[in-house]
Amino acid sequence: MTAGQSAYRPSDDEPFMNERQLAYFKQKLLDWKDDILRESKGTVVNLKAETENHPDLVDRASSESDRALELRTRDRQRKLISKIDEALRRIEDGSYGYCEETGEPIGLGRLEARPTATLSVEAQERHERRERVHRDD
């Protein structure tokens, strides 16, 4: 971030998703993606280091467990990068920050906490209620 941007925080006193807010969220998403990619490079190094043979059964079991956890973490990272990329595309096409269901603004607080959000809090709650009802069937 540039020096001028680092102190900037989106505010409800300005037009929603103005150029400055879009630039802020774009940078936030890009920084988050860079952090994840840096982290995942460490995961690859760990996985390569763990491929050695362990003569001890307990060591081997522990290593297999660690490897499974690393792979699950890597899968979550891959899915998160995909969501970040989708959010960056929405910034480019002008739909970022607006609820997919209602078209209403998602809200700065929610976007600050979850920059990949595609639903307003109300729409997300409806979605989760529907999921619970279907899961209980």
Side-chain angles (χ1 to χ4, degrees):
M1 280 191 203
T2 62
Q5 268 189 313
S6 60
Y8 172 76
R9 287 284 175 264
S11 140
D12 289 324
D13 299 338
E14 58 188 330
F16 187 69
M17 287 302 119
N18 65 57
E19 220 172 283
R20 200 165 180 203
Q21 285 184 3
L22 288 171
Y24 171 84
F25 283 110
K26 182 176 185 174
Q27 192 58 56
K28 186 177 180 90
L29 289 160
L30 290 171
D31 290 346
W32 191 13
K33 184 177 176 178
D34 287 346
D35 288 346
I36 293 166
L37 290 172
R38 234 185 333 276
E39 227 176 88
S40 71
K41 282 182 186 146
T43 302
V44 171
V45 169
N46 290 344
L47 286 172
K48 284 182 181 170
E50 281 299 315
T51 56
E52 75 249 8
N53 268 340
H54 294 286
D56 184 303
L57 212 51
V58 173
D59 286 347
R60 192 175 318 145
S62 175
S63 178
E64 292 291 323
S65 176
D66 291 349
R67 184 175 173 79
L69 180 63
E70 291 270 4
L71 289 171
R72 278 196 307 274
T73 299
R74 191 122 191 249
D75 190 49
R76 275 197 300 274
Q77 289 170 334
R78 184 184 51 76
K79 288 176 182 170
L80 186 51
I81 284 176
S82 175
K83 285 184 176 186
I84 291 170
D85 286 340
E86 288 169 18
L88 289 167
R89 275 192 294 281
R90 288 193 307 276
I91 285 175
E92 294 308 313
D93 73 19
S95 63
Y96 182 80
Y98 295 91
C99 180
E100 286 182 340
E101 254 180 44
T102 65
E104 295 293 314
I106 289 175
L108 293 175
R110 178 157 168 76
L111 289 171
E112 195 62 68
R114 188 180 200 110
T116 57
T118 59
L119 298 171
S120 65
V121 172
E122 297 80 12
Q124 182 68 41
E125 287 171 350
R126 279 194 304 276
H127 177 73
E128 288 171 4
R129 274 195 301 275
R130 281 193 303 269
E131 268 185 2
R132 271 196 302 274
V133 167
H134 291 298
R135 204 173 37 232
D136 293 341
D137 288 346

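- Note on L69: it does not cluster hydrophobically with I36, by side-chain heavy-atom contacts below 4.5 Å among ILVMFWY residues.
- L108 is not listed as a side-chain neighbour of R9, based on a closest heavy-atom distance of 4.5 Å or more.
- The shortest heavy-atom contact between S120 and R110 is C-NE, 3.9 Å.
- Side-chain contact between Q77 and T73 is present, with heavy atoms from C-beta onward closer than 4.5 Å.
- In plain terms, the two heavy atoms of Y96 and P115 that are nearest each other are OH-O, 2.7 Å.
- L80 and L111 fall within a single hydrophobic cluster, where Ile, Leu, Val, Met, Phe, Trp and Tyr are joined by side-chain heavy atoms under 4.5 Å apart, directly or via other members.
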Residues E70, R74; criterion side chain to side chain contact (heavy atoms under 4.5 Å, CB included); working and verdict: CA-CA 6 Å; E70 291 270 4; R74 191 122 191 249; over 6 Å; no
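- In this structure, H127 and Q124 have side chains that are in contact, with non-hydrogen atoms separated by less than 4.5 Å.
- Taken together through direct or relayed side-chain contacts under 4.5 Å among Ile, Leu, Val, Met, Phe, Trp and Tyr, L119 and L88 form parts of separate hydrophobic clusters.
- The minimum heavy-atom distance linking P15 with N18 is given by the pair O-ND2, 2.8 Å.
- When every heavy atom of L37 is checked against every heavy atom of S40, the shortest pair comes out as O-OG, 2.9 Å.
- Taking all atoms of both residues into account, the shortest heavy-atom contact from K33 to D85 is NZ-OD1, 2.6 Å.
- Annotation: the span from I81 atom CD1 to W32 atom CH2 amounts to 10.5 Å, rounded to 0.5 Å.
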Audit row: D75, R78, side chain to side chain contact (heavy atoms under 4.5 Å, CB included) steps and yes/no: CA-CA 5 Å; D75 190 49; R78 184 184 51 76; 2.4 Å; yes
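- The closest side-chain heavy-atom distance from R89 to E86 is below 4.5 Å.
- E104 is not listed as a side-chain neighbour of E122, based on a closest heavy-atom distance of 4.5 Å or more.
- Tracing side-chain contacts under 4.5 Å through hydrophobic residues (I, L, V, M, F, W, Y), one never reaches V121 starting from I106; they form parts of separate clusters.
- Between Q27 atom CD and Y8 atom OH the span is 13.5 Å, to the nearest 0.5 Å.
- Considering all non-hydrogen atoms of both residues, A117 and R90 come closest at O-NH2, 3.6 Å.
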Between K26 and L22, is the side chain to side chain contact (heavy atoms under 4.5 Å, CB included) condition met? List the steps. CA-CA 6 Å; K26 182 176 185 174; L22 288 171; over 6 Å; no
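- Considering only heavy atoms from C-beta on, P10 comes within 4.5 Å of E112 through its side chain.
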